[in-house]
Protein chains: 2
Amino acid sequence: MEEFAIGIDLGGTNLKGGIVSETGEVLNYSVTSSGNDEGPQRIRACLMNMAARLVALASDNGVKMVGIGVATPGIIDTRFGGLTGGAENLPGWKNTPFMRLLHEQFHLPVHAHNDVSATVLGEFHHGAGVGRRHVVMVSFGTGVGGGIVIDGRFYGGASGYAGEIGHLVTSAFGQVCACGIRGCWEEFASIRGIVRTARRYLGEPGGAKSLINRWLGDGGELGPQIVYEAARLRDETALRIVDEVGCNAAIGIGSLINIFNPELVIVGGGVASTGPLFLDTLTRHLPDWTLKDSLEAASIVPARLGYRAGIIGAATLVFEGINRYASP
Amino acid sequence: MEEFAIGIDLGGTNLKGGIVSETGEVLNYSVTSSGNDEGPQRIRACLMNMAARLVALASDNGVKMVGIGVATPGIIDTRFGGLTGGAENLPGWKNTPFMRLLHEQFHLPVHAHNDVSATVLGEFHHGAGVGRRHVVMVSFGTGVGGGIVIDGRFYGGASGYAGEIGHLVTSAFGQVCACGIRGCWEEFASIRGIVRTARRYLGEPGGAKSLINRWLGDGGELGPQIVYEAARLRDETALRIVDEVGCNAAIGIGSLINIFNPELVIVGGGVASTGPLFLDTLTRHLPDWTLKDSLEAASIVPARLGYRAGIIGAATLVFEGINRYASP
């Protein structure tokens, strides 16, 4: 009989959940507010409600439920049943032993992991990484996150902090990053970096005529969506922005390939989901920043799971036995 | 009865060898020319002579010899019994199946690995890394090399090219590296980088009075030795060079700590062996380039094995069963 797990993906704004099969199919997907605006008590209530609803649905449908997986910002402590740190975007959440609470209420094994790590595990087991052993995943969004799979296993480092690939220093004499380090890759290749690059090109003499400026005048918001849309329509300024963004993305991916010699690089996140132009431009710039032999060994592919990646990754924690709450 | 292996370390200039115990002690150490000036036939003869001498010594002394390990530049192919690539400093060496030749002549298991990888394995098993699981080693010399130990195992990547940490891009708009990539860490933190930094400071108005300039006038060669010696004597220009070099070294080590979250970083190579000043300066700059939690989790220590690292590492390949020649 096929086994199922509940996958829950907690973000700063949304709480997503679903019942996930061993093969990565998502049933009964739903999304609600994470309750973050109203503090940790409210997040906790939203999480318990989501779990209760999914457990009841699973029971009604007679599926074999083997556990609950949660993807959350921060670093997990499986003894405490909550976080040891991180999750700055969810104030107060650090002190809630949500794994213990879920375990006590539903009497199921509870697993949890950092959201980015869970996404990588989801893509590795059920998305673009199926069948590979050495994988680097890079997610371009508000920040630049990602993770590393080494010989089939997610790499967490000595204390769970590994994979902070957005904080590769790629331009030691450049912009200071939000983390305080000067020249982090993230400052160039995240949405912040794209917006900064766009402002610079739009401020140049040719920039005034750009479609982007016209759309901004009509109330559009400066970000990857509008830039990549204008580039698809061959707007000259947009094409220059897209080219520089692709170069900035390639600089860090090249370094990661030089260090890890992966067989596969999975590119995801909100920026990548604007369409194939991002990946195409990045791939075109890669040879400038990568050692030849290592580049030849690596395929660069888009992420496949999209908005469901966190849920599928959370369920994967259950199926793969990763980070189980150590009930006393 | 204690077991021994022959460890041989082949470099562009020297061939080093010794009989190494399971606990990493080196007996009968010797160093000769690698024969590289006279081509691959001569390297082969030097290697076979070295092995023959050590096998005979071991036999005379009645020690239990379990295999021969060789550290060489390049990427090993254990089926061919030689290299698949790399080793640009040893022209023609790529086509010599030295593992097969050693096996046929001495009837012992033969293991080989890239010289940098072997050094890392040596330090990990018998030097500064003993008892650790997650280690990054960085070697500052002609280039910047190193390697990564993940959960106790050397990480080679999908096709053996991993660990090219010198080709992290740390300054995307800086100096082009010898590899062709712009802004590689190696261009800033290797001996080339030190010499370039020194020239710049020595060319400034205050530089003329520097001890370094006096010593260069007396026939000294501009390099780490002379710079660190002058800095020890509190020469002002030398201290400024040393500070910038320490910063450049810290930029890349910080990125590696952010990505790998290692418990230990081992710092070695010719530059590090000039004395404690290099490591001290580098450590002082690290907080500027490293995420706080990951930095707190990492100890930064000097390499311990020095010139014997390659030999001990080569023997470690035998004891650990790594990269054994697959005799048909």
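Throughout, a chain's letter reflects where its sequence line sits, starting with A, and its residues are numbered from 1. Note that the structure is a prediction, hence the values are computed from the model and not measured.
Residue-environment remark: CZ (A:Arg79) stays at or below the threshold of 12 foreign heavy atoms within 6.0 Å. For CZ of B:Arg200, the number of neighbouring non-hydrogen atoms (other residues, nucleotides, ligands) closer than 6.0 Å is greater than 12.
Considering only heavy-atom pairs separated by less than 4.5 Å from chain A, the leading option among B:Thr170, B:Ile257, B:Thr290 is B:Thr170. Options A:Ile259, A:Val135, A:Ile165 differ in how many heavy-atom pairs under 4.5 Å they form with chain B, and the most are formed by A:Ile259. Put simply, of B:Gly157, B:Gly183, B:Ala158, B:Gly160, the one with the most heavy-atom pairs under 4.5 Å next to chain A is B:Ala158. Top candidate by heavy-atom pairs under 4.5 Å with chain B, chosen from A:Leu256, A:Asp293, A:Ile75, is A:Asp293.
With values rounded to the nearest 0.5 angstrom, A:Phe260 atom CZ is found 6.5 Å from B:Ile150 atom CD1. Atoms CG and CG, from B:Asp151 and A:Asp151 in turn, are 11.0 Å apart once rounded to the nearest 0.5 Å. Here the NE2-OH distance, from B:His134 to A:Tyr155, works out to 5.0 Å after rounding to the nearest 0.5 Å. Summarising the geometry, atom CD1 belonging to A:Ile251 is positioned 10.5 Å from atom CZ belonging to B:Arg182; distances are rounded to the nearest 0.5 Å.
The part of A:Ile148 that comes within reach of chain B is its side chain, from C-beta onward, which places non-hydrogen atoms under 4.5 angstrom from that chain. Contact annotation for B:Arg153: only side-chain heavy atoms (C-beta onward) come within less than 4.5 Å of a heavy atom of chain A. Looking at A:Leu264, neither its backbone nor its side chain comes within 4.5 Å of chain B, counting heavy atoms on both sides. Heavy-atom distances place the backbone of B:Asp288, and not its side chain, under 4.5 Å from chain A.
Minimum heavy-atom separation, A:Leu291 to B:Ile181: N-CD1, 3.9 Å.
B:Trp289 places none of its side-chain heavy atoms less than 4.5 Å from the side chain of A:His167.
Applying the side-chain hydrogen bond (donor to acceptor under 3.5 Å, both in side chains) rule to pairs touching residues 247-265 of chain A yields A:Asn261-B:Ser159, sequence neighbours excluded.
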